[in-house]
Trainee: 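One structure is given below, represented as structure tokens, and several questions about it will come after.
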Amino acid sequence: MKMVWTLSCSLMLLAGGVHVYGDDGHEEGKTHRDAVVKPLSKQDIASAALYQKECGACHMAYQPYFLPKRSWEKMMNTLGDHFGTDASLDPQDQKAIQHVLMSHASKNDRISNTEGKFPLRITQTPHFLQEHREIPKKMVTQPEVKSFANCTACHTKAASGSYREREIRIPHYGRWE
Amino acid sequence: MRYLGLLTILTVSVMGASTDVVQYMNELETAAKRENRTFAGFDAARGKEIFTSTHIGKQGKAIACTTCHTTNLAHPGKNDLTGKVIDPLSPRANPERLSDAKEVKKWLKRNFVDVYRREGSAQEKGDVLTYIMKN
């Protein structure tokens with residue numbers, strides 16, 4: 001049963017791109033137009049499940065289309081110092097996860113952060129900053145959220161790749177409207 | 001032969017670890033003897049000290065294993081950075097623990113680096129595992 005759940009999560013993870021910006025009058029299909037669902041090979045499904053298991057052990061397994069290839073490539077090759085923690089993996093697992101992330105990465109390779117560098121943190125991509133610019137700090141720093149990296153704290157369906165505005169529930173504050 | 005199999009299963013369940021984890025413990029024991037001639041077996045009390053003492057970790061801040069895992073290994077912990085819930089470490093509370101040597105090696109390596117800014121010695125790893133098994 002757990003396996004089935006992991007697999008279905010993995011599929012949603014990779015396929016999530018279709019409905020990320022599907023409503024709310026956001027720039028529909030604009031930013032993530034390139035996140036088109038590709039047919040998944042058996043290997044892809046196994047690697048996506050591995051991504052869920054390994055990266056999802058510490059944080060939500062962020063959808064690969066939030067970062068361009070070069071960000072994932074750098075991240076997966078510096079896991080020994082992953083934002084200050086050791087997240088190193090068995091080389092074979094690292095390769096498989098890197099492959100699945102890169103093959104579903106954002107095609108927009110010109111993404112750069114405010115300093116003009118390509119971002120390693122999703123929270124520093126221009127699109128993320130734009131979408132969250134109105135959120136008061138206190139909503140993010142509260143213990144139930146901790147930081148912007150904790151998508152699922154407010155986006156109730158983030159794990160399945162859905163970030164619709166009507167699904168937002170900010171702890172202690174409720175809906176964002 | 002059948003009894004031998006049964007005996008192995010009993011021993012493993014008493015220790016709260018799978019066969020490959022027991023095998024890994026044996027490897028650690030051999031390595032610990034090589035590292036330290038006076039080594040006389042793993043010790044849960046030393047493991048507890050390693051697990052509960054505070055150090056300046058990889059992030060330059062005070063941290064202990066208990067920062068995330070808490071002092072009660074039968075209770076869930078919480079990743080201090082991300083807030084993600086961590087299932088209990090105790091094999092009694094969580095049968096998935098110590099059931100896969102690959103997992104055990106991965107986390108021991110990572111977590112020693114995060115807390116001690118270096119990898120653990122064979123003796124230290126064995127001591128910590130012994131402590132976890134007894135809790």
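Lettering follows sequence order; numbering is per chain, from 1. Please read all numbers here as calculations on a predicted model, not as lab measurements.
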Trainee: Side-chain heavy atoms nearer than 4.5 Å, only ILVMFWY residues, links allowed to pass through others: does that put A:Met102 and A:Ile97 together?
Mentor: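 Yes: a chain of side-chain contacts under 4.5 Å links A:Met102 to A:Ile97.
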Trainee: Evaluate the side-chain contact (heavy atoms from CB on, under 4.5 Å) criterion for residues B:Thr82 and A:Asn150: first the C-alpha distance (whole Å), next the side-chain angles of each, then the deciding distance (0.1 Å), finally the verdict.
Mentor: CA-CA 7 Å; B:Thr82 66; A:Asn150 192 2; over 6 Å; no
Trainee: Starting from A:Leu67, can I reach A:Phe83 by hopping between I/L/V/M/F/W/Y residues whose side chains sit under 4.5 Å apart?
Mentor: yes
Trainee: Is it the case that more than 12 heavy atoms not belonging to B:Lys58 sit under 6.0 Å from its NZ atom?
Mentor: yes
Trainee: Linking I/L/V/M/F/W/Y whenever any side-chain heavy atoms sit under 4.5 Å apart, do B:Val115 and B:Leu129 land together?
Mentor: yes
Trainee: Testing the basics here: between B:Arg110 and A:Leu89, what is the closest heavy-atom pair and its distance to 0.1 Å?
Mentor: NH2-CD2, 3.5 Å
Trainee: Given a strict heavy-atom distance threshold of 4.5 Å, which part of B:Ile86 is in contact with chain A: side chain, backbone, both, or neither?
Mentor: neither
Trainee: Look up atom CG in B:Asp80 and atom NZ in A:Lys146, then write down how far apart they are to the nearest 0.5 Å.
Mentor: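 The NZ atom of A:Lys146 is 5.0 Å from CG of B:Asp80, to the nearest 0.5 Å.
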Trainee: Between B:Val85, B:Leu81, B:Asn111, which has the largest tally of heavy atom pairs under 4.5 Å with chain A?
Mentor: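 Heavy-atom pair counts peak at B:Leu81.
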Trainee: More than 12 heavy atoms of other residues, nucleotides or ligands under 6.0 Å from NE2 of A:His82: is that the case?
Mentor: yes
Trainee: Applying ring pair (Phe, Tyr, Trp, His ring centres under 6.0 Å), name anything that partners B:Phe42, two or more places apart in sequence or on another chain.
Mentor: B:Phe39
Trainee: Heavy-atom cut-off 4.5 Å, strictly under: side chain, backbone, both or neither for A:Ala153 against chain B?
Mentor: neither
Trainee: Pick whichever of A:Ala149, A:Pro143, A:Ala57 has the most heavy-atom pairs under 4.5 Å with chain B.
Mentor: A:Ala57
Trainee: Taking B:Phe51 as the starting point, is it possible to reach B:Leu28 by hopping between hydrophobic residues whose side chains are less than 4.5 Å apart?
Mentor: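 Hydrophobic grouping puts B:Leu28 with B:Phe51.
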Trainee: Atom CG of A:Asp86 and atom NZ of B:Lys109: how far apart are they, to the nearest 0.5 Å?
Mentor: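 Going from the CG atom of A:Asp86 to the NZ atom of B:Lys109 covers 3.5 Å.
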Trainee: Which bit of A:Asp81 is near chain B, if near means a heavy-atom gap under 4.5 Å: side chain, backbone, both or neither?
Mentor: both
Trainee: Same cluster or not: B:Phe112 versus B:Leu73, using hydrophobic residues (I, L, V, M, F, W, Y) connected whenever any side-chain heavy atoms lie under 4.5 Å apart?
Mentor: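 The answer is yes; both residues are in one hydrophobic cluster.
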Trainee: Can you tell me if B:Lys48 has over 12 outside heavy atoms packed within less than 6.0 Å of its NZ?
Mentor: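 Check fails, neighbour count at 12 or below.
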Trainee: Please classify the contact of A:Ser147 with chain B as side chain, backbone, both or neither, using a heavy-atom distance under 4.5 Å.
Mentor: neither
Trainee: Answer whether the closest heavy-atom distance between the side chains of A:Asp90 and B:Lys106 falls below 4.5 Å.
Mentor: no
Trainee: Closest heavy-atom contact between B:Lys84 and A:His59?
Mentor: CD-N, 3.9 Å
Trainee: Go through it in stages, so that I can follow the logic: the residues are B:Gln59 and A:Thr85, the test is side-chain contact (heavy atoms from CB on, under 4.5 Å), and I'd like the CA-CA distance, side-chain angles, deciding distance and then a yes or no.
Mentor: CA-CA 7 Å; B:Gln59 301 231 339; A:Thr85 44; 4.1 Å; yes
